[in-house]
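Below you'll find the structure, written out as C-alpha cells, and then a few comments.
Chain identifiers are assigned alphabetically (A, B, ...) following the order of the sequence lines, protein sequences preceding nucleic acid strands; residue numbering begins at 1 within each chain.
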Amino acid sequence: MTEADPSAATPAPSDFIRDIVAQDVAAQRHAKIITRFPPEPNGYLHLGHAKSICLNFGLARENAGQCNLRMDDTNPTKEEIEYVEAITTDVHWLIDGWADHCLGLKTKGATPARTESNGKLDYHLAAAPVGAANTEPFFASDNFAPLYEFALVLIQKGHAYVDDLSPKETEEYRGAPDKPGRNSPFRERSVAENLDLFQRMRSGEFPDGARSLRAKIDMAAPNLWLRDPLLYRIRHASHHHTGDQWCIYPLYDYAHCLSDYLEGITHSVCTLEFEVHRPLYDWILEKLQLPRPLPHQYEFAKLNLTYTIFSKRRLLQLVQENLVNGWDDPRLPTLSGLRRRGVPASAIRRLATAVGVTKYDGVTDVAVYEHAVREELNPASLRRLAVLRPIKIVLTNIPAGETIECLATNNPQDEVPTTRPVALTREVFIESDDFAEVPPPKYFRLKPGGEVRLKYACIIKLDEIVKDASGAIAELRCTADLTTRTGQPNSDKKVKGTIHWVSATQCVDAEVRLYERLFTVAEPGAEEDFKKFINPHSLDVVTAKLETSLASATPGDRFQFERLGYFVPDAKDSRPGHLVFNRTITLKDAWTAKAPGGK
RNA sequence: UGCCCGAUGGUGUAAUGGUAGCACAAACGACUCUGACUCGUUUUGUCUAGGUUCGACUCCUAGUCGGGCAGCCA
C-alpha cells in the first residue's frame, strides 16, 4: 500500500510552537531537538492524541530531531499492559513512513544511568539508536529510582517535607481560589525527620494515605498548584511495569518534569489544561539545581470535533457498557477504530495539518476531518461496482446465459488508468435508490419510461415494472441499447443519469457495514448525559452484491464502490467465502442532501 | 468576588505596525459514462470602548464574553 505524504510536497506547517523551536534552533540552544509523546496507558489513543503525536513527531522530523514515546504510568491503579501495547501499535501505525526515523525508544529494561554532569551527580537515559533491536517505549515508572533520589535531595535542601495530614485535611488546608490556604502543622519538620519518614514511607511502614511528600512552596500562592503540592503518595498497589517494587508513587507534576529532564527533552509540549502547572514544572527543576539544560513546557489547545466524543472517561463508558463493540469499533474516534474502518494514517496527519496549532480552544467541524479522509482515499482507491440494496433488472433483449464483457476503469485518477472486465448479463442488480416509480423533480436515475446508463456498459430503457402479489417490486424489465457500449456507434449518446450495477448471475455476496455518526448532535459532550445523543442508526448491516473481482479482496486493500463511498475489508471478520466490508466514508453527495425525502 | 489563558467570516486558521488571505462548509455555474473528482463565481469576518501612531487584527488601558485551575488523576 502506498500512501502519499502530503507534508513531503507541502511546506511544513507553521505555528507558534514551531516558531519557538525554530528560534531555539537558530540560536543553537540545543544539540538536538527532542520532544516526547507521553500518554497515560489507561485507555486507547484517539484523534485528539493524534494531533499531539503529529505535533511532537512533526517538530522532531522538521528539525532532524527525535520524539520519545513515553508511558506516563505513575498511577498503578489505572494503568494496564493492554493499553501499553495498544498505544505502541497505534503510534507506530500513525507515524509509519513519515516520522518513524525520529521515534525515540529505549533499550528494553534500561533505566536512567547514574552519571556525573559538570561535576555533579546526575541521571540520564538516552534513546537507543533508531532501528535497534530489543527496544521498548520509555516509561515514567522506569525513573522511579532516580526520582526517589531527587526527592531526597529536595528534602535535604529544605524544599520538601513529609506531611501527616489526611487527604481530606489536605483539601481543607489548601483553601480556595479566592482564599489562601493554611500551613500544615507538619510543615516545619527537620530535614532529618523528613528524611527518616520518607524512607519509611518507601519501605512500606505506613498505610495508603497516611502520609505524603509535599513541596514546600507557598500555601497562600494565587496559583493553587503552588500551595505545597503533593509529590508522592502511598499506594500499596501492584504496578503493571514495576510490579511490587514500590509502594510510594510520584504524582504527575513531580514525575513529568523530571522524566523530561532524564530523557533530555528540550521541548515538552502539552495541552492547555497544564498551563497552570508550568510554574510548578519549572520550580521543581530549578530547586534541584540540575547540571544539564532544563526542558521547557509549552501548551496548545487540544482537538475538538463536532459529533465526536474524545473524553477517555466517556469512551471507556461506551466500551464497557457495550454501546459499541470494543475500543476498535469503527464508529469510535480511536486510532484502532479508525484504522479498522479504513482511514489511512496519512489522512489523520492531513487533518492535524489542517486544524493547526493554537491556544484557542475551539471546535472543529467534523467536515474538515471527512474532507481529509476523502482527499487521501480518492487517489488511492480502486473503483469497483457493488450494489448495497439490490433490485433486479431484466434486460429482455439479452439472452439468458450470454455474457457481454465490459471494461471498467480501475481508477480514473491514475495518470494511465487501467481497466478490468466486468460481466453484463440478462439479469443485473441496481441500487434501489436508483429507481423511483414516482420520481422527485430533477431525478436523473431510472424512472418509468426513462433511460439511464449502466456505467461501463450501455444505456437501458425501462419498459415494465413487475410487482409481486403484495405490490412490492419484483423486477424491472428493460431494453439494453447495445449500440451505446464503448466502441459502438452510439457510445457517445448522452443521458442524464449513470448508475452502478452488478450482474445478478456473476457476483459475490458480502456483509457490508455502513456507519453513520455515533451522535446525533454537534456537541454530544456538552451535557453530562451524552448517551441520550447516541445515534440509533450508527450501524447498518446489509448484504450486498459485488462484482466478482472483489472475491479476493484482503484487509489492506482500499476500494471505492462507485457512487457509494470508500470501503475496506474488515481486518477482523472478513475472510474468503465470507467477505465483510466497512464503509470508511461516503462520497460527497450534492444530491441526497437536498433531494425531497433525502436523508 | 483569586490566578492563568484566549477572542479574526458558519467552522478552523494566516497576516508578528503597512492591501485582512487560506482551507472546510454553504450557494450558483461549467464539465462529467461516479449527482464523485476537477474548474469557475459568490456570500459571510478583526468582541466592545477609549488611547498611541501617518497608519492598529497587531501595541497600551478599561471592559465584555469564553475556557482552565481548589484529585493523594494525568
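Within 4.0 Å of A:Leu230, counting heavy atoms only, lies at least one base atom of the nucleic acid. Using a 4.0 Å heavy-atom criterion, one finds that A:Lys588 contacts the sugar-phosphate atoms exclusively. Residue-level contact check: A:His500 touches neither bases nor backbone, having no heavy atom under 4.0 Å from any strand. Across all strands, A:Gln560 comes closer than 4.0 Å to base atoms (heavy-atom distances). In this structure, A:Glu562 reaches the bases: a heavy-atom distance under 4.0 Å links it to at least one base atom across the strands shown. A:Thr409 comes within 4.0 angstrom of nothing in the nucleic acid, heavy atoms only. Across all strands shown, A:Arg383 has heavy atoms under 4.0 Å from base atoms, whether or not it also approaches the sugar-phosphate. Using a 4.0 Å heavy-atom distance criterion, A:Thr364 is classed as a sugar-phosphate-only contact. Across all strands, A:Gly362 comes closer than 4.0 Å only to sugar-phosphate atoms, never to a base (heavy-atom distances). Within 4.0 Å of A:Arg453, counting heavy atoms only, lies at least one base atom of the nucleic acid. When heavy atoms are screened at a 4.0 angstrom cut-off, A:Asp208 is found touching no nucleic acid atom at all. No contact: A:Leu407 has no heavy atom under 4.0 Å from any strand. In this structure, A:Lys494 reaches the sugar-phosphate backbone alone: every heavy-atom distance under 4.0 Å involves primed, P, OP1 or OP2 atoms, never a base. No contact: A:Phe16 has no heavy atom under 4.0 Å from any strand.
Ion pairing between a basic and an acidic side chain is recognised when a charged N comes within 4.0 Å of a carboxylate O; A:Arg445 and A:Asp433 show no such pairing. Ion pairing between a basic and an acidic side chain is recognised when a charged N comes within 4.0 Å of a carboxylate O; A:Arg187 and A:Asp228 show such pairing. A salt bridge does not link A:Arg349 to A:Glu375: none of the charged nitrogens lies less than 4.0 Å from a carboxylate oxygen. For the pair A:Glu40 and A:Lys312, the salt-bridge criterion is not met [side-chain N within less than 4.0 Å of a carboxylate O].
Taking 4.0 angstrom as the limit, A:Thr74 places a side-chain polar atom (N or O) nearer than this to OP1 or OP2 of B:A74. Within the 4.0 Å cut-off from OP1 or OP2 of B:C73, not a single side-chain nitrogen or oxygen of A:Arg313 is found. The side chain of A:Arg227 places no N or O atom within less than 4.0 Å of a non-bridging phosphate oxygen (OP1 or OP2) of B:G2. At B:C37, none of the side-chain N or O atoms of A:Arg563 fall inside 4.0 Å of OP1 or OP2 (strictly under the cut-off). A sub-4.0 Å separation between OP1 or OP2 of B:A70 and a side-chain N or O of A:Arg182 is absent. Residue A:Thr170 places none of its side-chain N or O atoms closer than 4.0 Å to OP1 or OP2 of B:C72.
In this entry the distance linking CZ of A:Phe274 with P of B:C73 reads 14 Å, nearest Å. Atom-to-atom, CG of A:Asp19 to C1' of B:U13 comes out at 14 Å; the value is rounded to the nearest Å. To the nearest angstrom, P of B:A36 lies 22 Å from CG of A:Asn410. Atom CZ of A:Arg278 is separated from atom P of B:C4 by 12 Å (rounded to the nearest Å).
The aromatic rings of A:Tyr298 and A:His296 sit tilted, their planes meeting at an angle between 30° and 60°.
Of the P atoms belonging to B:U52 and B:G12, the separation is 34 Å, rounded to the nearest Å. Spacing between B:A36 and B:C31 at atom P, rounded to whole Å, works out to 14 Å. Between B:G6 and B:A62, the two P atoms lie 16 Å apart (nearest whole Å). Distance noted for atom P between B:A25 and B:G40: 16 Å (whole Å). Distance check on atom P: B:G50 versus B:U58 gives 14 Å, rounded to whole Å. Separating the C1' atom of B:A26 from that of B:G9 is a span of 12 Å, rounded to the nearest Å. Separating the C1' atom of B:G66 from that of B:C47 is a span of 11 Å, rounded to the nearest Å. B:G17 and B:C60 have their P atoms separated by 12 Å, with the value rounded to a whole Å.
B:G45: no Watson-Crick or G-U partner with both key distances under 3.5 Å is found in any strand. Look at B:U53: it lacks any Watson-Crick or wobble partner with both distances under 3.5 angstrom. B:U1: no Watson-Crick or G-U partner with both key distances under 3.5 Å is found in any strand. Nucleotide B:U58: unpaired (no Watson-Crick or G-U wobble partner with both distances less than 3.5 Å). Nucleotide B:U34 forms no Watson-Crick or G-U wobble pair with any nucleotide shown, as no partner meets the under 3.5 Å limit on both distances. Across all strands shown, nothing is found opposite B:G71 as a Watson-Crick or G-U wobble partner with both distances under 3.5 Å. Nucleotide B:G21 is matched to B:U13 when pairs are restricted to Watson-Crick or G-U wobble geometry with both distances under 3.5 angstrom. Of the nucleotides present, B:C39 is the one that pairs with B:G29 by Watson-Crick or G-U wobble criteria, both distances under 3.5 Å.
Where A:Tyr566 and A:Thr498 each meet RNA chain B at their nearest nucleotide, the meeting point lying more 5' is that of A:Thr498. Nearest-nucleotide assignment on RNA chain B puts the 5′-proximal partner with A:Val357, out of A:Val357 and A:Asp73.
Relative to the ring axis of A:Phe561, A:Arg384 does not place its NZ or CZ within 45° and under 6.0 Å from the centre. Relative to the six-membered ring of A:Tyr173, A:Arg182 meets both conditions, a distance below 6.0 Å and an angle of at most 45° to the axis.
With its ring centre under 5.5 Å from that of the base six-membered ring and a plane angle below 30°, A:Phe444 counts as stacked on B:G35. B:A74 has no stacking from A:Tyr252 on its base ring, since the centres under 5.5 angstrom apart and planes within 30 degrees of parallel are not both found.
Between A:Glu376 and A:Tyr566, the side chains place no donor N or O within less than 3.5 Å of an acceptor N or O (distance only, hydrogens not considered). Between the side chains of A:Asn143 and A:Ser259, a donor-acceptor pair is found at a separation under 3.5 Å. A donor-acceptor pair shorter than 3.5 Å cannot be found between the side chains of A:Glu516 and A:Tyr307.
Between the side chain of A:Thr486 and the base of B:C33 there is at least one donor-acceptor pair of N/O atoms closer than 3.5 Å.
By the rule that a glycosidic angle within 90° of 0 means syn, B:G29 does not qualify and counts as anti.
Ranking B:A74, B:U13, B:C24 by closeness to the A:Glu273 side chain, first place goes to B:A74.
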